[in-house]
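Note that this is a predicted model, so its numbers are computed, not measured. Just so it is clear, the values below take in all heavy atoms, side chains as well, and ignore hydrogens, waters and symmetry mates.
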Amino acid sequence: MKTIDELLAEGVAGKRVFVRADLNVPLEGTTITDDGRIRAVQPTIEKLAEAGARVVVASHLGRPKGAPDPAFSLAPAAARLGELLKTDVAFATDTVGESAKAVVAGLADGQVAVVENLRFNAGETSKDDAERGAFADRLAELADVYVGDGFGAVHRKHASVFDLPARLPHVAGGLIATEVGVLKKLTEDVRRPYAVVLGGAKVSDKLGVIDHLLEKADRILVGGGMAYTFLKAQGHEVGISLLQEDQIPTVLEYLERAEAKGVEFVLPVDVLVSPEFPDLKTKAPANPTTVAADAIPADQEGLDIGPETRKLYASKLADAATVFWNGPMGVFEHPDYAEGTKAVAQALVDSPAFTVVGGGDSAAAVRILGFDENAFGHISTGGGASLEYLEGKTLPGLAALED
C-alpha cells in the first residue's frame, strides 16, 4: 500500500488531489457536536496543501436517500475544516455538477475545497457495479490523484471508496496508515493480557467480533444493552431491557466456547434500572434504582452497569497490557446513566496498557464526558470498520488501495 509520504516525495504541486475523508460528524441542526473526525484527517489535508496540491475533499454524512437533503449538507463540516486549517475552504453545493467543476477549476496551488455530500448521488452507494462505476468516472474528472483517508468508510463498497481508486493513481492517507497500524497491534503479536470491552445496544452488531476475539483475547467484558441478551441466556429475568431473543442460542455457544478456551467472560453483577427510558433532551433526573444483575424487576429496564460492576471491570482492566473498547456501558448521553461508561474510560486512562477506543459512540463518549484524548493509546475514527477488521474481513476500501 503506497503512502502519502511517498506521494509527497514525488511532488504534488499543481496537482488536483482527491481526498476521500470521513467528515461524518454528529450534528444538532447545523452545529457540530463532535469534530473528532475532521481533526483526524486535518494533518493529511495540511501536508498536501503545504506541498502545493489543489486539494478536493469529499465525504458522506448521514444516510440521505441518494438525493440532496439540506439536513445532511457538508457545509458545516467544510466551515469547521476552514477554522482548523486557518484558511478559507471553498465549498461546492453539488458533488460532480457545475458547482463542483467550477470550484475545483478555481483552486490555486495550496488551496482546499470540499464538495457536497457524496451520498446525495445514488451512484455512491449503489449495489449495481455499472451505476457505481459511472459515478466514480465523474468523480475522477475532478482529480489527478486519489488519497484514501476516510477510515470510517473503508468497510463499504462505495464508489468513492472502492471504484474511484481504480481510476486514479492512489495512496493511503496518514489516518488510514495509523488506523491499520493500530489494528495490527490488536490482531498480530498482541501484548498480553489482552482485554476487550464490548458495549452498545445490540449483541447482533458484535457477534462477528466476539467470534473472532474468542481466539485472541484473554478476557471479554460485556456491558450496554447487549449484556441483557447474555444475562437472559443465563436464565435471568431482564425485565423490559433491550433483548434479542433470537441471538440467545449463539450467545450460549459463545459462553461455552469461552469457558472451553479459558477466555474469561465477564458480565455485569449489578445494573441501574428504571421503568422508563430517560429524556435525553431535557436531561430531567431519572432517579434510577440499583439492583443485582440477576434480580431485574419484570417492569424495569436496565440502562447502565452498576457501581459493583464498575469496580469489577476496572479491576479486570488494571493488569491488562492491551485493551480494546467498543461500545458504551449505558445511556451515557444522560448524566444519571453515564457513570458506567465513565468508569471504563477512566480505567483505560489509569491503565499502563496500550489502549484503543474503537470509534463510534465510544469515541464520542470519551469526548462528551470530558476525557483528554491524549490519555488513550488511540481513538479510532471508524467503529464499524474497526470491528470488521477485527472480525478478519477484507475491507473494500483498504483492498482498493493495495497495488
(request) Please list all pairs passing the ring-ring contact (aromatic ring centres under 6.0 Å, His included) test where one or both residues lie in residues 234-290, with sequence neighbours left out. (result) F230-F265
(request) Using ring-ring contact (aromatic ring centres under 6.0 Å, His included) as the criterion, list what pairs up with Y228, not counting sequence neighbours. (result) none
(request) Using the side-chain contact (heavy atoms from CB on, under 4.5 Å) rule, take L272 and L303 through it: C-alpha gap first, then chi angles, then the decisive distance, then the call. (result) CA-CA 6 Å; L272 269 61; L303 295 164; 5.5 Å; no
(request) Given side-chain contact (heavy atoms from CB on, under 4.5 Å), test V25 with D34 step by step and report yes or no. (result) CA-CA 6 Å; V25 291; D34 179 6; over 6 Å; no
(message) Can a side-chain donor-acceptor contact be found between T309 and D270 if the only test is distance below 3.5 angstrom?
(response) yes
(message) Quick one, V41 and L23 - any side-chain contact, counting heavy atoms below 4.5 Å?
(response) yes
(message) Taking CD in E28 as the centre, count heavy atoms belonging to other residues, nucleotides or ligands within less than 6.0 Å. Is the count above 12?
(response) no
(request) Using the test side chain to side chain contact (heavy atoms under 4.5 Å, CB included), find all partners of A286 that sit at least two apart in sequence or belong to another chain. (result) P278, P288, H334, D336, Y337
(request) Could you check M329 against V197 for side-chain contact (heavy atoms from CB on, under 4.5 Å), going step by step and ending with a plain yes or no? (result) CA-CA 9 Å; M329 296 292 100; V197 187; 3.7 Å; yes
(request) Would you check, one step at a time, whether the test side-chain hydrogen bond (donor to acceptor under 3.5 Å, both in side chains) holds for H60 with R20? (result) CA-CA 9 Å; H60 69 287; R20 202 323 180 169; 3.2 Å; yes
(message) Once rounded to the nearest 0.5 Å, what's the spacing between atom CZ of F135 and atom CD of E124?
(response) 5.5 Å
(request) Mind checking side chain to side chain donor-acceptor pair (under 3.5 Å) for E333 and listing every partner two or more places apart, or none if nothing turns up? (result) none
(request) Can you measure from CD (E237) to NZ (K232) and round to the nearest 0.5 angstrom? (result) 5.5 Å
(request) Output all residues satisfying ring-ring contact (aromatic ring centres under 6.0 Å, His included) with H378, sequence neighbours left out; order by chain, then residue number. (result) none
(request) Examine distances only and state if a side-chain atom of T95 and a backbone atom of N117 form a donor-acceptor pair shorter than 3.5 Å. (result) yes
(message) Under the rule for side chain to side chain contact (heavy atoms under 4.5 Å, CB included), what residues qualify as partners of E253, not counting sequence neighbours?
(response) R257
(request) Before giving the answer on side-chain hydrogen bond (donor to acceptor under 3.5 Å, both in side chains), spell out for S73 and E116 the whole-Å C-alpha distance, their side-chain angles and the decisive distance to 0.1 Å. (result) CA-CA 7 Å; S73 175; E116 186 54 284; 2.8 Å; yes
(request) To the nearest 0.5 angstrom, please state how far the CG atom of D205 sits from the CG atom of L387. (result) 8.5 Å
(request) Using side chain to side chain contact (heavy atoms under 4.5 Å, CB included) as the criterion, list what pairs up with L390, not counting sequence neighbours. (result) L183, L186, T187, V209, F324
Could you pull out all donor-acceptor pairs under 3.5 Å where a side-chain atom in residues 352-360 meets a protein atom, sequence neighbours excluded?
| from | atom 1 | to | atom 2 | distance (Å) |
| --- | --- | --- | --- | --- |
| T355 | OG1 | G377 | N | 2.9 |

(request) Kindly write out the residues that satisfy side chain to side chain donor-acceptor pair (under 3.5 Å) with T229, not counting sequence neighbours, or none if the list is empty. (result) none
(message) Suppose we screen for side chain to side chain donor-acceptor pair (under 3.5 Å). Which residues come up paired with S99, at least two apart in sequence or across chains?
(response) T93
(message) Run the side chain to side chain donor-acceptor pair (under 3.5 Å) test against S380 and tell me which residues pass, sequence neighbours left out.
(response) E179, S386
(message) The criterion is side chain to side chain contact (heavy atoms under 4.5 Å, CB included); which residues satisfy it with K316, sequence neighbours excluded?
(response) R219, L221, E264, V266, L312
(message) Just verifying a value: how many Å separate L175 CG and R39 CZ, rounded to the nearest 0.5 Å?
(response) 12.0 Å
(message) Whether the S362 and N326 side chains hold a donor-acceptor pair (N or O, under 3.5 Å, no angle test) is what I'd like checked.
(response) no
